[in-house]
K.L.:
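Here it is: the structure, laid out below.
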Number of protein chains: 2
Amino acid sequence: MATNVVAQEFEAANKSYAESFTKGSLPLPPARKVAVVACMDARLDPARVLGLEEGDAHVIRNAGGRTVEAIRSLAISQQLLGTREIVIIHHTDCGMLTFTDAAIRTKIQEDLGQKADDIAFLPFTDLRESVLDDVEVVKRSPLVLDVPITGYIYEVETGKIVKVE
Amino acid sequence: MATNVVAQEFEAANKSYAESFTKGSLPLPPARKVAVVACMDARLDPARVLGLEEGDAHVIRNAGGRTVEAIRSLAISQQLLGTREIVIIHHTDCGMLTFTDAAIRTKIQEDLGQKADDIAFLPFTDLRESVLDDVEVVKRSPLVLDVPITGYIYEVETGKIVKVE
């Protein structure tokens, strides 16, 4: 049976973090009143890239950083925890640029014997457009307050964020 | 008109990150072949808490760290980018313990004049149960491979992760 190898490594790494931990009395609402929506990509660490400390910001992440899947979280972030700005980050060399719904459905059928025809996997073909689209999805959502929204492309090659306008 | 104040601070902070950036040639697939699902909470920084470096792991985050909203991302993570272990992290003092669907729907009606009756905001009343439930959701998902899954509670008071079994 497969074992939880990485989880055990996480537990060991967490011992160091907890030993020098000094942030045990931070309040629940984010100090900087911002929610970040970003891709789950392993190379993108929103805290390091944006200079976030513990307690600063909500960070919502999924495959692609797609905002259509972040509306529940954004509504909770604003309505219950007072955030009043939104930052959206997609990135170069994104996995979402490499497949289609049809392709992943075929792979799931082959690997798992399952139909996934009803799931939108939300890939995209144009990175800049995907950011603009996702800004628009948030702007138009009736469940999200009218707050400043900024969209960026993170360059995995350079470490830079580039604003999309 | 409100301005994008925090976004401008992020751009300034990013300059420092990019100046000392040395990780421009990392591959797309996560090196440690793991996907982490965690809450968006501002006090929880999965990279610092678990010892993650850029390139190590997919990190999926939403309000509560609810896996029912992470299935699309997990399927993409496994099918296209080869992750083969899952770690789920909820945490103490979570905002999801403080409200009900009825309460947030009322607030959205008052603040935004919108009905949100069709949205499940996925709050929970028992932290340990929420982790066990979310492990089970992933285990039973027909779109997720049979891989090791570990659930933790992160203690915002101590910086420790505690395994839920």
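Labels below follow one simple rule: chain letters A, B, ... track the order of the sequence lines, proteins then strands, and each chain is numbered from 1. All values derive from a computational prediction rather than experimental measurement.
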K.L.:
With a 4.5 angstrom heavy-atom cut-off, which part of B/Thr158 approaches chain A: side chain, backbone, both or neither?
P.N.:
backbone

K.L.:
Answer yes or no: is there a side-chain heavy-atom contact under 4.5 Å between B/Arg32 and A/Phe10?
P.N.:
yes

K.L.:
Given that the side chain runs from C-beta out, which part of B/Ser77 has a heavy atom under 4.5 Å from chain A: side chain, backbone, both or neither?
P.N.:
both

K.L.:
When B/Met40 is tested against each of A/Val59, A/Val37, A/Ile76 for side-chain contact (heavy atoms from CB on, under 4.5 Å), which residue passes?
P.N.:
A/Ile76

K.L.:
Side chain from CB out, backbone as N, CA, C, O: work out which of these in B/Val34 comes under 4.5 Å of a heavy atom of chain A, or both, or neither.
P.N.:
side chain

K.L.:
Determine the option with the most heavy-atom pairs under 4.5 angstrom with chain A, choosing from B/Val6, B/Thr150, B/Val144.
P.N.:
B/Val6

K.L.:
Please determine, among A/Lys33, A/Lys15, A/Glu9, A/Glu155, the option with the most heavy-atom pairs under 4.5 Å with chain B.
P.N.:
A/Glu9

K.L.:
Tell me, for B/Leu145 versus chain A, whether the close heavy atoms (under 4.5 Å) come from the side chain, the backbone, both or neither.
P.N.:
both

K.L.:
Is chain B contacted by the side chain of A/Asp56, its backbone, both, or neither, given a heavy-atom distance below 4.5 Å?
P.N.:
backbone

K.L.:
A/Ile88 and A/Val162: same hydrophobic cluster, using ILVMFWY side-chain contacts below 4.5 Å?
P.N.:
no

K.L.:
Which atoms of B/Lys163 are under 4.5 Å from chain A, going by heavy atoms: the side chain, the backbone, both sets, or neither?
P.N.:
side chain

K.L.:
Does any backbone or side-chain atom of B/Glu11 lie under 4.5 Å from a heavy atom of chain A? Answer side chain, backbone, both or neither.
P.N.:
both

K.L.:
Could you tell me which portion of B/Ala7 (side chain, backbone, both or neither) has an atom closer than 4.5 angstrom to a non-hydrogen atom of chain A?
P.N.:
both

K.L.:
With a 4.5 angstrom heavy-atom cut-off, could you sort out which part of A/Ile119 is near chain B: side chain, backbone, both or neither?
P.N.:
side chain

K.L.:
Quick one, A/Asp93 and B/Leu28 - any side-chain contact, counting heavy atoms below 4.5 Å?
P.N.:
yes

K.L.:
Main chain of A/Val5, side chain of B/Glu85: is a donor-acceptor contact present, judged purely on distance under 3.5 Å?
P.N.:
yes

K.L.:
Side chain, backbone, both or neither: which part of B/Ile104 has a non-hydrogen atom closer than 4.5 Å to chain A?
P.N.:
side chain

K.L.:
Under 4.5 Å heavy-atom distance to chain B, tell me which part of A/Pro27 shows up: side chain, backbone, both or neither.
P.N.:
backbone

K.L.:
In terms of heavy-atom pairs under 4.5 Å with chain A, which of B/Val36, B/Leu122, B/Thr98, B/Ile149 leads?
P.N.:
B/Leu122

K.L.:
Does any backbone or side-chain atom of B/Leu143 lie under 4.5 Å from a heavy atom of chain A? Answer side chain, backbone, both or neither.
P.N.:
both

K.L.:
Is it the backbone or the side chain of B/Leu52 that comes under 4.5 Å from a heavy atom of chain A, or both, or neither?
P.N.:
both

K.L.:
Is B/Phe99 in contact with chain A via its backbone, its side chain, both, or neither, using a 4.5 Å heavy-atom distance?
P.N.:
side chain

K.L.:
Relative to the ring of A/Tyr154, is the ring of B/Tyr17 parallel (under 30°), tilted (30 to 60°) or perpendicular (over 60°)?
P.N.:
tilted

K.L.:
Pick one of side chain, backbone, both or neither for A/Leu80, based on which atoms fall under 4.5 Å of a heavy atom in chain B.
P.N.:
side chain

K.L.:
Using the rule that two of Ile, Leu, Val, Met, Phe, Trp, Tyr join whenever any of their side-chain heavy atoms come within less than 4.5 Å, decide whether A/Phe124 and A/Ile153 are in one cluster.
P.N.:
yes

K.L.:
Without swapping roles, check the side chain of B/Arg72 against the backbone of A/Ala63 for a donor-acceptor pair under 3.5 Å.
P.N.:
yes

K.L.:
May I ask whether A/Ile71 and A/Val135 are part of the same hydrophobic cluster, defined by side-chain heavy atoms of I, L, V, M, F, W, Y residues being less than 4.5 angstrom apart, directly or through others?
P.N.:
yes

K.L.:
Which atoms of A/Leu74 are under 4.5 Å from chain B, going by heavy atoms: the side chain, the backbone, both sets, or neither?
P.N.:
neither

K.L.:
Transitively linked via ILVMFWY side-chain contacts under 4.5 Å: A/Leu127 with B/Leu81?
P.N.:
yes

K.L.:
Using every non-hydrogen atom in the two residues, find where B/Asp41 and A/His58 come nearest and quote the distance to one decimal.
P.N.:
CA-CD2, 4.1 Å

K.L.:
Measuring heavy-atom distances to chain A, does B/Ala120 have an atom under 4.5 Å in its side chain, in its backbone, in both, or in neither?
P.N.:
backbone

K.L.:
Measure the CD-CG distance between A/Glu54 and B/Leu44 for me, rounded to the nearest 0.5 Å.
P.N.:
9.0 Å

K.L.:
Between B/Gly55, B/Ala13, B/Ala75, which shows the greatest number of heavy-atom pairs under 4.5 Å with chain A?
P.N.:
B/Gly55

K.L.:
Under 4.5 Å between any side-chain heavy atoms of B/Arg48 and A/Glu53, yes or no?
P.N.:
yes

K.L.:
Below 4.5 Å from any heavy atom of chain B, which atoms of A/Glu19 appear? Answer side chain, backbone, both or neither.
P.N.:
neither

K.L.:
Between B/Ile161 and B/Val164, is there a shared hydrophobic cluster once you connect ILVMFWY residues whose side-chain heavy atoms come closer than 4.5 Å?
P.N.:
no

K.L.:
Quick one, A/Gln79 with B/Leu112, criterion side chain to side chain contact (heavy atoms under 4.5 Å, CB included). Give me CA distance, side-chain angles, the key distance, then yes/no.
P.N.:
CA-CA 10 Å; A/Gln79 293 295 324; B/Leu112 291 158; 3.6 Å; yes

K.L.:
Counting only non-hydrogen atoms closer than 4.5 Å, does B/Asn14 touch chain A with its backbone (N, CA, C, O), its side chain (CB onward), both, or neither?
P.N.:
both

K.L.:
Which atoms of A/Lys23 are under 4.5 Å from chain B, going by heavy atoms: the side chain, the backbone, both sets, or neither?
P.N.:
backbone

